[in-house]
Protein chains: 2
Amino acid sequence: RGSAGRGGWEMAAWARAVRGLLLDVSGVLYDSGGDGGVPIAGSVEAVRRVKASGLKLRFCTNETQATREKFVKKLQGMGFDISVDEVTAPAPAACRILKERSLRPHLLVHNDLIPEFAEIDKANPNCVVIGDAAENFTYANLNEAFRVLIGMEKPVLISLGRGRYYKETDGLKLDVGAYMKALEYACDVQAEVVGKPAKMFFESALAEMGVPPQQAIMIGDDIVNDVGGAQRCGMRALQVRTGKYRPCDENHPHVKPDAYVNNLAEAVDVILQQL
Amino acid sequence: RGSAGRGGWEMAAWARAVRGLLLDVSGVLYDSGGDGGVPIAGSVEAVRRVKASGLKLRFCTNETQATREKFVKKLQGMGFDISVDEVTAPAPAACRILKERSLRPHLLVHNDLIPEFAEIDKANPNCVVIGDAAENFTYANLNEAFRVLIGMEKPVLISLGRGRYYKETDGLKLDVGAYMKALEYACDVQAEVVGKPAKMFFESALAEMGVPPQQAIMIGDDIVNDVGGAQRCGMRALQVRTGKYRPCDENHPHVKPDAYVNNLAEAVDVILQQL
């Protein structure tokens, strides 16, 4: 495993074999805030340098509070070179599953995410899809989603992520995973999780890049969902010390990144040096 | 084990030794509905006969949507001979725990339950108490309870029951257990459950009656929380075929009542015959 820190990173065979990068977005490219967010120093330039290098690149996010279109516009507004077809996100992945299995969802999601499901038949639902619905997590909406689920012979619950909580400028907020657990318990079912750390989610990002896991590196701030999830797919994974990174992550009982980097700019420096 | 049905119940040594009865309330004494509820046929008279028999009697409920005063008034209005000091309920049990351990709660409960905590110091909270808050289970209130918990060095979550859901006239509702699970997951803690099926809860009801578990019978409609909980305390337990009873309860994988009865009136018939 490479050691951490600028300049102290040891050359490793896996780093020289790299052909594609997967980047988490929030906490790696930018820090989210009340009015959208602020780019993390060096990240705008780092994305440009990756694109100029010829490495394949994919943005891999669990964002479910907005359509990819809206999300990408926000990032472009901060100066990032990013387009919708470079983004792997849970909602389109869920749509593929819904179509494959002829599932008609009852949606408990953020209003801004609903357009992602525009082409999906939602009449007479036979499953529930839950995302980070934020203000839509009302008592009435939770009871309604519960009633749809408990009314099924075999309840199907699809969750766009399993995050516990996240930070916004006005404080910590419960994430979709907490509400998923409430419905799981009430209906005695296990949710199918789409999004990081699900293996299928990373695999579809790799397929979209056309790069095998052994030649890809994931860069993220979340020790479990980014680093642990990517490693279980056979990828290498770096943890940045930005975003939701906390020093205690470095003592995580189960997950060890292949290396730590201070931020995305440093990760890109080191990776490009070995090409 | 006694066999089910009127007249078909076999005499058992444990039934002849009975000195006290614990009665669940909702689904045994009455069926809840929009405007309060309707007594189950024969139950008003059954309670009177138990009291006339000299058996000790205790009402053992997980009700947390009202103070005991309000709850008892509703039952008296239906004709039941019941007083506040005959009721064992989660909120007073929680108050004893709070006092014993010098805990100052942040309350996420129904407005009508708040007076039960009138004498408890709630400044600068060092634990969260969650009950069936119903309309108070808003996105904002859940986030607030979460923030209080996650801000503690060692989060303490006390839950007034662990029910999954219940039925009201306008449909099924998520019960406190579902929201407890959401907070447990978000904060990586395990809640301490007050109320049925917690052993301490049954034990305090027995202590209040002054009857050992071997001489007490629990009568309830909930196979897990009433029957299973009481049996784990060394009591015998009957399941009534009223309230939330469902035929599939009779094939429960873990819990077998000591006998089934069609309703409270039948249970009291058989028990009083053996005295």
Side-chain angles (χ1 to χ4, degrees), chain A residues 65 108 110-111 128 130 132-153 155 157 159 161-191 193 224 244 246 248 252-254, chain B residues 65 108 110-111 128 130 132-153 155 157 159 161-191 193 224 244 246 248 252-254:
Chain A
Q65 280 207 3
L108 178 53
H110 198 285
N111 286 348
V128 167
I130 183 174
D132 176 18
E135 303 288 345
N136 276 349
F137 280 133
T138 63
Y139 180 61
N141 286 349
L142 279 163
N143 280 329
E144 197 188 344
F146 160 68
R147 276 178 220 133
V148 171
L149 265 184
I150 200 80
M152 296 172 195
E153 200 181 336
L157 175 60
S159 186
R162 54 181 302 124
R164 293 167 188 267
Y165 59 90
Y166 53 88
K167 192 175 181 172
E168 291 199 330
T169 39
D170 58 340
L172 295 174
K173 304 280 173 75
L174 288 168
D175 199 357
V176 59
Y179 294 96
M180 172 191 89
K181 285 287 170 185
L183 292 177
E184 282 188 340
Y185 177 72
C187 301
D188 199 17
V189 294
Q190 185 144 27
V193 177
V224 171
K244 70 169 71 168
R246 294 180 306 169
C248 67
H252 194 278
H254 307 303
Chain B
Q65 281 206 3
L108 178 52
H110 197 284
N111 285 346
V128 168
I130 183 173
D132 175 18
E135 303 289 343
N136 275 350
F137 280 133
T138 63
Y139 181 61
N141 286 349
L142 279 163
N143 279 330
E144 197 186 345
F146 160 68
R147 275 178 220 132
V148 171
L149 265 183
I150 201 79
M152 296 173 194
E153 201 181 333
L157 174 61
S159 185
R162 53 182 301 125
R164 293 167 189 267
Y165 60 90
Y166 54 86
K167 192 175 182 174
E168 290 198 331
T169 41
D170 59 339
L172 295 174
K173 304 281 174 73
L174 288 168
D175 199 358
V176 60
Y179 294 96
M180 171 191 91
K181 286 286 169 185
L183 293 176
E184 282 188 343
Y185 177 72
C187 302
D188 198 18
V189 294
Q190 184 143 28
V193 177
V224 171
K244 71 167 72 167
R246 295 180 304 169
C248 67
H252 194 280
H254 307 303

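Proteins come first, then strands; the chains are lettered A, B, ... in the order of their sequence lines, and each starts at number 1.
Note: B:Arg164 leads B:Glu144, B:Lys173, B:Arg164 in heavy-atom pairs under 4.5 Å with chain A.
For the pair B:Ala178 and A:Ala182, the tightest heavy-atom approach, listed with the atom from each and the gap, is O-CB, 3.2 Å. Of all heavy-atom pairs spanning A:Tyr185 and B:Arg162, the tightest one is OH-O, 2.5 Å. Listed here is the closest heavy atom pair of B:Leu172 and A:Arg147: O-NE, 2.8 Å.
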Run the side-chain donor-acceptor check on residues 133-141 of chain B: report pairs under 3.5 Å with partners two or more places apart or on a different chain.
| from | atom 1 | to | atom 2 | distance (Å) |
| --- | --- | --- | --- | --- |
| B:Asn136 | ND2 | B:Val109 | O | 2.9 |
| B:Asn136 | ND2 | B:Asn111 | OD1 | 2.8 |
| B:Thr138 | OG1 | B:Asn141 | N | 3.0 |
| B:Thr138 | OG1 | B:Asn141 | ND2 | 3.4 |
| B:Asn141 | ND2 | B:Asn136 | O | 2.8 |

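Separating the CG atom in A:Asp175 from the CZ atom in B:Phe146 is a distance of 9.5 Å, to the nearest 0.5 Å.
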